[in-house]
Amino acid sequence: NRELPAPSVPTLRVNGIAFQSNGADSMAIVNGTPVSNGSIIEGMTVEEVQKDRVLFQHNGEMFVIQLGQSN
């Protein structure tokens with residue numbers, strides 16, 4: 001009765017954020033790739049680009065990665 005290993009979460013790094021106060025046109029650079037709300041990168045969905053962090057969703061779990069940081 002072996003347990004399956006948890007699906008691995010890809011490593012993402014938030015390299016930069018271009019934040020717009022209305023939120024609609026905000027973009028982030030993640031792993032060197034420009035993304036915006038709703039983008040999918042490495043199987044993780046960009047939920048929201050904020051001023052200093054990006055919210056991601058992966059397999060129903062939420063992740064927050066600060067600007068200049070990796071998960």
Without swapping roles, check the side chain of [X] against the backbone of [Y] for a donor-acceptor pair under 3.5 Å.
X	Y	answer
Arg13	Val30	no
Ser26	Gln20	yes
Asp52	Gln66	no
Asn31	Thr11	yes

TODO: Determine the minimum heavy-atom distance between Val9 and His58, stating which atoms define it.
DONE: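 Smallest heavy-atom distance, with atoms named: CG2-ND1, 4.0 Å.
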
TODO: For Val54 and Ala28, work out which heavy atoms get closest and say how close.
DONE: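 So the two residues come closest at CG2-CB, 3.7 Å.
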
Task: Contacts of type side chain to side chain contact (heavy atoms under 4.5 Å, CB included), residue Ile65, not counting sequence neighbours - done: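 Side chain to side chain contact (heavy atoms under 4.5 Å, CB included) list for Ile65, sorted by chain: Leu12, Val14, Phe56, Gln69, Asn71.
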
Open item on the list: Which Ile, Leu, Val, Met, Phe, Trp or Tyr residues join Met62 in one cluster when any pair of side-chain heavy atoms under 4.5 Å counts as a link?
Closed with: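 Taking Ile, Leu, Val, Met, Phe, Trp and Tyr as members, Met62 shares its hydrophobic cluster with Leu55, Val64.
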
TODO: Consider only side-chain heavy atoms of I, L, V, M, F, W and Y, link residues closer than 4.5 Å, and tell whether Met44 and Met27 are in one cluster.
DONE: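 No, Met44 and Met27 fall in different hydrophobic clusters.
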
TODO: May I ask whether Phe19 and Ile29 are part of the same hydrophobic cluster, defined by side-chain heavy atoms of I, L, V, M, F, W, Y residues being less than 4.5 angstrom apart, directly or through others?
DONE: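 Looking at the clustering, Ile29 is in a separate group from Phe19.
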
Task: OG1 on Thr45 to CG on Asn37, rounded to 0.5 Å - done: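 Nearest 0.5 Å value for the CG-OG1 distance: 11.5 Å.
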
